[in-house]
Amino acid sequence: MARVTGVAIHGYGGYVPRYRIRAEEIGRIWNRGDPELPVNEKTVAAPDEDATTMAVEAARIAVKMAGIDPRKIGAIHVGSESKPYAVKPTGTVVSAAIGAGTSLLAADLEFACKAGTEALQLITGLVETGRIEYGLAIGADTAQGRPGDALEFTAASGAAAFLVGSMDNAAVASIEAWCSYVTDTPDFWRRPNDRYPMHTARFTGQPAYFRHIIGAVKSLMDNDGYSLNDFDYFVFHQPNVKFPLAVAKSLGVDEKKIAPGLVADVLGNTYSACSLLGLVKVLDSALPGQAILLASYGSGAGSDAFVIRVLEGISEKRERVPKLSSLINDKIYVDYAVYLKFREKISMR
Amino acid sequence: MTKVFVAGVGFTKIAEHWDRGLDELMAEAALKALEDAGISSVNAIYVGNMLGEALQEQAHLGTLLAEDLGLVGVPAFRVEAAEASGAAAIYQGALDIASGKSETVLVVGGEKLSDGLGEEVSSALMMSGHQEYEGFIGADFYALNALLYRLYDKRYGAGGVAMFPVISHDHAVGVPHAQYPFKLTLEKVLSSPFIAEPLRRMEVSGIGDGAAAVVLIGERSAEKIKSPKTMLHISSSSDYITPFERENPLHFRALTMAVENVIREAKVERREINFIELHDASSIMAAISLESSGFAAPGEAGRLAEKGEFSLGGRIPCNTFGGLKARGHPVGATALYQVAEAHLQLTGRAGKNQVDSAKIGLVQSLGGVAATAFAILLRGV
Amino acid sequence: MRVPRYWRNIPFRYRLVGWRCNHCGTFHQEKPIICKRCRHRELYEVELPKTGKLVAYTIVQSTPKEFNLVSPYAIGLVELDDGTRILAQLTDFREDELREGLRVEAVFRKIRVDGEQGIIEYGYKFRPLIE
């Protein structure tokens, strides 16, 4: 695919709830003697939060950083697998909450953990073709794991938003290229009336996560003329800490280039927000001129890979909002009982 | 304008009346009041009630009561002004007499909170606030009182404010119609759990059912009706519903205006008033009410309460039968209880709670956090 | 709350957008025809600042039924940076953080949820400011 021309990120925002539960606390209740925990801790959305409220918080940060009139936003795409409504758009709520206008394409997306990067692809396309001036791409989830399931250690809550528009001198980063790699691979799913997803354990690894991410990255290298040496940072989807490190290793990427964007150890897997929060973390400290390779993964399955280059405008703009690390570090731990209450896992009927 | 007299009062005990309906309670109070006045019918009936729709799913309480009393044909309707609904009904009854349209009026207040679960009652009572603003976020009556208490404490120091429930309970001991006729020590008040910090559970009124009624008559009937009588003056004022939208949230301006107007209308001096029935839905409202109506300097009510000035035998006794806190606060009925009790005081029928040689009593009734205020002045004749 | 009622006042609930009197400066959460303080008829739309300080707060222990899931919850009187005072639920705080003068910021949260099938009502709350 041809490279993207003239499209840039003007603002970005990462949001995570203030509450955390330690993996060992979940292990205290459920672990059957396995000392290896997939993450250290994960975020827990407060009882008054859902994917929509977190999408709004991330969007507000992105708009504030960009400093644009929100009425200039022509599209809002929200990717989530935990929409609070089965039927009712999220983008319209985000629009009303940030003060966007009514001449707006508002569409929600779902593709397991990669709906957020799909939103970014679509917004990029709309800006590139001149159809909209600015667009907002958001990934937001309050992921739920069945109590006692392996997923419960990692399924977390968070959101990331990117305000994208035409390239100008004040832009934060350019989106140089993107591609996707998808196949019909049923490694994880949730039927319409079920509360918790099903997954296929080790089948989610090699034929699913690894094959698709590597496929998307290779496609970028082969079709768009990049080499892995061109990149200062790599951000991969992080269902746990092990997978992104393993995919880096198999690609031959230095661990130092992946560490800055690794957030799963302290946030868990925030699903549609996951790789995007890694990107936010990298952008918070990256230098103008540096290049970032981002590759998401969504079960079902597919990976979206992006080439993002940091621009001069970032230095001034990212000072307008708090860094993601201030949200990551400002936390209140809850025990398993409070976690059950917050996430409405206690049956009230 | 003709003068307005109270010629009879009646009330039920305040309790959780599980086996009795709202209209039955009101009928009992009404019949007692008619009996006290020695009459059997009236020209009009006014009902004070706040939560009939919410808890009984019953509107149309006026005509329902007329039917229960066997008085079909008499014009009868309900008046609503949140927790001051009873006072609003008295206001309408008094206007009716004063205008000369009616010679005899029955005003009945009734409320039955025990038909709802506690959380439903809490929700229903939020209807006295601004629902689109305060109600939407859960800023209920207790929350607003707690915030006022904080501001009061910061400006003046809240020492002594917790004495108001103690005084009310002292006065309720032995009162047959009181819901909580027992003594309450200051230690118990201050060790009760917070309902909304710094407001404690024992500083707010409880939940109960009750009905009270008064018979109002005009000058011509006063010559014929031989029951003990008092003369009634009533005035009212309103304020911003959210206390924090007022210039000074620690001053109940509506109450100030209502009291000043009723005193002027009755041509009495504040110092001639022998006792006050306060709207002590909370301790802090009792304190601010006394200050706003000129019976204590701002910030002084608690300290004066500690000195005994508001106790029976003190400078100006308050809540002589226990007030909202100890006699009980069946919302729309409360002002009728207050007026009935003041009437008993001024007709020498207050028993052990009698204020010596009482000539003039002041009743205060508030809707919400004093967004609606009524001042009712009763004078012995 | 019935849906049209919730919907009518979304600008204030979501963004603290209301109307200020051109004459006396009084803020109105709902669009007025006439200023509630000075009866002036010229009012302009205004979006309130999203940061301020806590003037007073309390924890509500006796919860109305709409708020069971967040019980007990905190109510604060917040003075925004332009001096406007508003009532708000407080969220995401440790109890030992709450104090008069605490810097707070508006966040977007679920306020009430109408059972399993009804609407989710969103609105503003305030939390300790993250710098």
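What you are looking at is a predicted structure, and each value in this text was computed from that prediction instead of being measured. First the proteins, then the strands, lettered A, B, ... as listed; each starts at 1.
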Under 4.5 Å from a heavy atom of chain C, the part of A:A46 involved: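 Just its side chain gets close to chain C.
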Under 4.5 Å from any heavy atom of chain C - which part of A:Y19: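 Contact with chain C: side chain only.
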How long is the straight-line distance from [atom2] of [Y] back to [atom1] of [X], given to the nearest 0.5 Å?
X	Y	atom1	atom2	result
A:D50	C:K110	CG	NZ	5.0 Å
A:L327	C:I130	CG	CD1	4.5 Å
A:T52	C:Y122	OG1	OH	3.5 Å

Let me know if [X] has heavy atoms under 4.5 Å from chain A in its side chain, its backbone, both or neither.
X	answer
C:P11	neither
C:K125	side chain
C:E97	side chain
C:R127	side chain
C:I119	both
C:I120	both

Please determine whether the number of non-hydrogen atoms from other residues, nucleotides or ligands lying under 6.0 Å from atom [atom1] of [X] exceeds 12.
X	atom1	answer
A:E24	CD	no
A:K64	NZ	no
A:K331	NZ	yes
A:N193	CG	no
C:R39	CZ	no
A:K341	NZ	yes

Among the listed options C:V17, C:V107, C:T91, C:I10, the residue most often paired with chain A at heavy-atom distances under 4.5 Å: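 Of C:V17, C:V107, C:T91, C:I10, C:V107 has the most heavy-atom pairs under 4.5 Å with chain A.
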Backbone N/O of C:D92 and side chain of A:R18: donor-acceptor pair under 3.5 Å: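 Answer holds: yes.
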Side-chain donor/acceptor of A:E57 to backbone N/O of C:F108, under 3.5 Å: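 Checked: pair present.
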From CA spacing to verdict: side chain to side chain donor-acceptor pair (under 3.5 Å), C:Y73, A:D48: CA-CA 11 Å; C:Y73 60 90; A:D48 56 6; over 6 Å; no
Between A:P322, A:P47, A:P17, A:A97, the one whose heavy-atom pairs under 4.5 Å with chain C are most numerous: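 Ranked by heavy-atom pairs under 4.5 Å with chain C, first place is A:A97.
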Worked verdict on C:R109 versus A:E49 for side-chain contact (heavy atoms from CB on, under 4.5 Å): CA-CA 6 Å; C:R109 294 298 168 103; A:E49 294 187 288; 3.3 Å; yes
Chain C neighbours within residues 65-92 of chain A, where any heavy atom lies under 4.5 Å away: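 Result: A:P84, A:Y85.
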Heavy-atom side-chain contact between A:V93 and C:Y14 under 4.5 Å: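 Yes. Closest side-chain heavy atoms under 4.5 Å.
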